[in-house]
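For reference, the structure is listed below as structure tokens.
Heavy-atom basis, side chains included; hydrogens, waters and symmetry copies ignored. Proteins come first, then strands; the chains are lettered A, B, ... in the order of their sequence lines, and each starts at number 1.
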Amino acid sequence: MRDPILRRIHRALEHRPRLELPPPLTLPSPSPEEALRLFQERLGSNGGETLYLPDLDAARAWLAQLAQGYSGVALGHQLPEALRPDLPQLPPEEAPLGVSWALGAVAETGTVILSSADGRRAQLLPPTHVVFVPQERLYGTLLEALTALRDALPAALGLHSGPSKSADIGQIMVRGVHGPGRLIAAVVAAPPG
Amino acid sequence: MQLKANQYPRESARVLREEPQVRDSVTAATLNFDAKRRQMYGEIEAETWRGWAEAVKNHVLTHLDTYLPQAEAALQSNGVQVHWAENAEAAQRIVAEIARANGVKKVVKAKTMVSEELGINPLLESLGLEVLETDLGEYIIQLLGQPPSHIVGPAIHLNLEQIRELFHRKFGTPLEAPPEDLAGVARKLLREGFLQAEMGISGGNFLVAETGTLALIENEGNIRLSTSAPRIHVALVGIEKLLPRFSDLSVFLSLTARAATGQRLGTFVSLIQGPRRPHEPDGPEAVHVVLVDNGRSSVLADTEAWETLRCVRCAACLNACPVYRQTGGHAYGYVYSGPIGAILAPGLVGLENTKPLPYASSLCGACFQACPVRIPIPKLLLTWRNRAVEQGLQPKAEGAAIRAYAAAMTRPWAYTLGSKALRMLPKEALDNTVLPVVKAWTEGRAGLKPSPKSFRELWKEGI
Amino acid sequence: MRVALFVTCLTDQFFAEAGVAAVRLLRSLGCEVEFPEGQTCCGQPAYNAGYWNEARQMATHTLEVFNEAEYVVLPSGSCTTMVRAFYPELYRDTPQRFTQAEALSHKTFELAEFIVKVLGVTQLGEGLRGQHIAYHHGCHALRELGIKNEPLTLLKNAGAEVVNWEAAQECCGFGGLFSVKLPEVALSMADRKLQTLPKVDYLTSADGGCMLHLAGRIENRKLKLPVKPLASVLWEAHAHQAEG
């Protein structure tokens, strides 16, 4: 099958002009402060929740409070020890809460970037998904993020820009259709370890 | 789906007559999509982005003979099994064989138009497999046994009441159930599907030649789940979906989302490099990519229509199209409907089988302005119309009438004579008549009323 | 300035008074108006239906008729588009005709566009004071030629209130042969235009085909809404000042 298809394509292109590839389209990059603001604004406008944790103590205090609302958690495999909520661990399909560790985030689009190395089910199955984002990997633009990640790609990246939603029923927006109905992105200033 | 494009004139009229709620639902949904697209185009240098995206796609298409082998090698080095399908039958054979070899009993589908094009669901069902569409809209139309009526929103032709009624009938939910509850029912059923299915089938929005990355865009999370939870992931990807560089995704992902749904990025984007790696906690054991031709290489060989292959299937042209809005997609009788369907169909399945579609447009040009990759849709609609004429596919009477009209219009004396005759016709002749073209005009419109004197008579008399 | 009026076949036959208004308006603005009598139809219906050979015959006829003109002005957006944008396309394989078509393309203008862009006039008078008008943008003028603000400027500056109409830029469903090949769809499109129309004194447009289609639908549905060609309205805007 392969060769006949390629032969046909080659024949189709034989006497045709071969058009040039333009260089990547770059966008102006926001400053780190601007990037944080933009990230929060844009993920927020997509229905996600964001917060900024200036240090580990703040992160611990927030986690302790978060844990009170849940009976168990599914954890990302790359989540630093210090950021694990004090909750019983459950398989993702049973956990009411998933907590992941992001490879990075994008201000331009309000996106967290998740790795399959962290475990995909915990990112997708629990109804609430908390993602920790190390601030030094908050990229201004999607192009910057993809460029930085290109040389060490895991089996799959998930770019999440808000809670799961659908307007397929009568054009009325519904959240939490298949993936998490709540997405909380916590930017941590000084990641532990 | 079964090809019924030649019935478009009758079907479009029937939908308007018998299913008036379709026009209301489709109009509301597409106007909403279109307004959001405009807003999101307004936020970027849209002309720069569109021009850039057009140039990248043109480059890829005119280098497809080098990019396809490059993509194949990158996929294979990522551990992906690559298959080539010349046509629908070949694609069906490949999918059936993967299912058989892996003992698959249950399949979850992530919304994919190319699967509709290839007839994958009927095939799998004929093999006795359970097939679940997991996009909420696709699930709804699967329950109804209908094909998608829109490339992005497959169920936009249905209103809330119809879906409530369907769920009431199928699952016993109350007739006044809110959309959240209906979605909840579907979520629960489909969640079991994700966890039980051995195989997930997806399409592919983009395939990066440089890294072998398969990119998928969605809002619900069902594509991420279909490509993560089952043991086997099969992706059906048109050969025109290639991008050269990983970094090209930055513009294409965002531009497609802006054009399709008025978002900066789809809520979930999957960038897949292959099966689960040794230290990863989960993910499919095997990933198969089926590169699908099914007519695309002949479109590429067409020195005019080849530009159609830039299409990213965002449906912005459907949303912008006032003709599509009146009937939704089913009337077109082809898997891809609206303006892009009208130029894709003759290229992929032959003009003689899809002849009315290039005429299913008033040539208003809204589609071109919406298209993120600047496909000259109105121009290509005209090209296909011209081919229909040249190939003798149009009614003989129409050709004769046009030739007579052209003969009159190139002879001023004949034009003047016609102008006089128009004023001597009995009034009924222009109100209702046996002349089919006048009849078509006057059904629903008042008769034509020529000015008492033509302009040229008035000019002669002196202005 | 010499202006050759290409009145277009629909205006000639169905909106003759708009042709007269265009002549008076152009004269009043200082143009010397000619009417080359050999003119007929621009060929657009044939072109849009896919009959390019026939369209080319009519285009060639039109090229000859307007060969000597300094400017060609049409009270029709879509016919202007045919001459300006599509004629050159028809002659891609015949360089000599292509050059001629390009030359005609460059000197061809829609009436309102000509007044604003070539004559530099944006204030015709105040003859429309107090009038509430709906302006239907013909698709070709709007999207192929980018003519959008010129007619609106002239109407507004003459005192009219051009109402906000959500479907103002949507196609009305005329589309030449489209309106008889797919009449149900075409009428449904007209209905969408009319259903969204706010209360106005009248509807105006620079496209005869759209006006025939919409006026026919309005009458059929027994709606009380006059439809007036843009040329007539612009002359009305200007007339009392010209007379005074």
Side-chain angles (χ1 to χ4, degrees), chain B residues 9 12-13 16-17 23 27 322-323 325-327 358-366 368-369 379 382 384-390 394 398-399 402-403 405-406 408-412 415 419 422 436-437 440-459 463, chain C residues 7 9 11-17 19-20 23-24 35 37-41 43 45-55 57-58 60-61 89 139-140 142-144 170-171 173-190 192 212-213 215-220:
Chain B
S12 56
L16 280 164
R17 201 171 52 242
R23 174 186 186 251
T27 299
V323 174
R325 262 180 220 148
Q326 307 313 314
T327 65
Y359 289 89
S361 165
S362 61
L363 302 174
C364 84
F368 173 68
Q369 292 198 331
K379 194 180 127 205
L382 281 167
W384 285 113
R385 290 180 189 188
N386 180 235
R387 289 177 180 179
V389 169
E390 298 288 316
Q394 287 304 92
E398 179 183 288
I402 297 265
R403 277 189 295 280
Y405 142 74
M409 292 297 168
T410 45
R411 292 168 180 79
Y415 175 87
S419 165
L422 183 67
V437 56
W441 177 271
T442 51
E443 278 175 355
R445 272 165 294 220
L448 296 167
K449 288 180 208 60
S451 303
K453 286 183 177 176
S454 70
F455 172 82
R456 67 188 57 221
E457 286 177 87
L458 296 172
W459 173 267
I463 294 167
Chain C
V7 77
C9 57
T11 304
D12 189 14
Q13 301 304 324
F14 294 97
F15 301 99
E17 76 287 358
V20 173
V23 172
R24 292 193 171 134
F35 179 72
E37 293 191 28
Q39 63 178 274
T40 57
C41 168
Y47 180 70
N48 283 354
Y51 292 84
W52 291 2
N53 288 331
E54 289 74 9
Q57 290 164 20
M58 286 181 265
T60 305
H61 175 76
E89 287 284 311
C139 296
H140 277 142
L142 178 68
R143 280 179 277 269
E144 294 282 345
E170 284 176 28
C171 178
F174 174 63
L177 283 187
F178 174 80
S179 63
V180 285
K181 271 181 182 281
L182 297 164
E184 295 85 359
V185 179
L187 290 173
S188 184
M189 289 163 72
R192 148 96 187 146
L212 281 179
H213 173 66
R217 189 59 174 166
I218 287 167
E219 194 183 329
N220 177 271

Taking all non-hydrogen atoms of both residues, which atom of [X] and which atom of [Y] are closest, and how far apart?
X       : Y       : answer
N220(C) : A446(B) : CB-N, 3.9 Å
L458(B) : A16(C)  : CD1-CB, 3.8 Å
F14(C)  : K449(B) : CD2-O, 3.5 Å
L182(C) : A360(B) : CD1-CA, 3.9 Å
E398(B) : Y51(C)  : OE2-OH, 2.7 Å
Y405(B) : C41(C)  : OH-SG, 3.2 Å

Which one, [options], leads in non-hydrogen pairs under 4.5 Å with chain C?
options                   : result
G399(B), P452(B), A388(B) : G399(B)
Y359(B), F368(B), W384(B) : Y359(B)
A408(B), G444(B), S361(B) : G444(B)
P9(B), S12(B), A366(B)    : A366(B)

Could you tell me whether a side-chain N or O of [X] sits under 3.5 Å from a main-chain N or O of [Y], the two making a donor and an acceptor?
X       : Y       : value
R143(C) : C364(B) : yes
T40(C)  : P412(B) : no
T410(B) : M58(C)  : no
R385(B) : N48(C)  : yes
R445(B) : L212(C) : no

Pick one of side chain, backbone, both or neither for [X], based on which atoms fall under 4.5 Å of a heavy atom in chain B.
X       : answer
Y47(C)  : both
F178(C) : side chain
V20(C)  : both
E170(C) : side chain
V185(C) : both
I218(C) : neither

Segment of L422(B) engaging chain C (4.5 angstrom heavy-atom cut-off) |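 Side chain of L422(B) only, per the 4.5 Å heavy-atom cut-off to chain C.
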
Interface moiety of I463(B) toward chain C, non-hydrogen atoms closer than 4.5 Å | both

Take atom NZ in K453(B); do more than 12 heavy atoms of anything else shown fall under 6.0 Å from it?
-> no

What pairs with N53(C) under side chain to side chain contact (heavy atoms under 4.5 Å, CB included), at least two apart in sequence or on another chain?
-> E390(B), R56(C)

Could you measure the distance from the [atom1] atom of [X] to the [atom2] atom of [Y]? Nearest 0.5 Å is fine.
X       : Y       : atom1 : atom2 : value
W52(C)  : N386(B) : CH2   : CG    : 4.5 Å
L448(B) : Q13(C)  : CG    : CD    : 11.5 Å
F455(B) : T11(C)  : CZ    : OG1   : 9.5 Å
E144(C) : K379(B) : CD    : NZ    : 11.0 Å
M189(C) : Q326(B) : CE    : CD    : 6.0 Å
R325(B) : R192(C) : CZ    : CZ    : 6.5 Å

Tell me which of these, [options], has more heavy-atom pairs under 4.5 Å with chain B than the rest.
options                          : result
H61(C), E184(C), E219(C)         : H61(C)
A215(C), A55(C), C139(C), G43(C) : C139(C)
H140(C), R24(C), E17(C), H213(C) : H213(C)

Does the side-chain contact (heavy atoms from CB on, under 4.5 Å) test come out yes or no for R456(B) and Q39(C), once each step is laid out?
-> CA-CA 10 Å; R456(B) 67 188 57 221; Q39(C) 63 178 274; 3.9 Å; yes

Donor-acceptor side-chain pairing of S188(C) and R23(B) below 3.5 angstrom =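 A pair is found: one side chain offers a donor N or O, the other an acceptor, under 3.5 Å apart.
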
Could you go step by step and tell me if D12(C) and W459(B) meet the side-chain contact (heavy atoms from CB on, under 4.5 Å) rule?
-> CA-CA 10 Å; D12(C) 189 14; W459(B) 173 267; over 6 Å; no

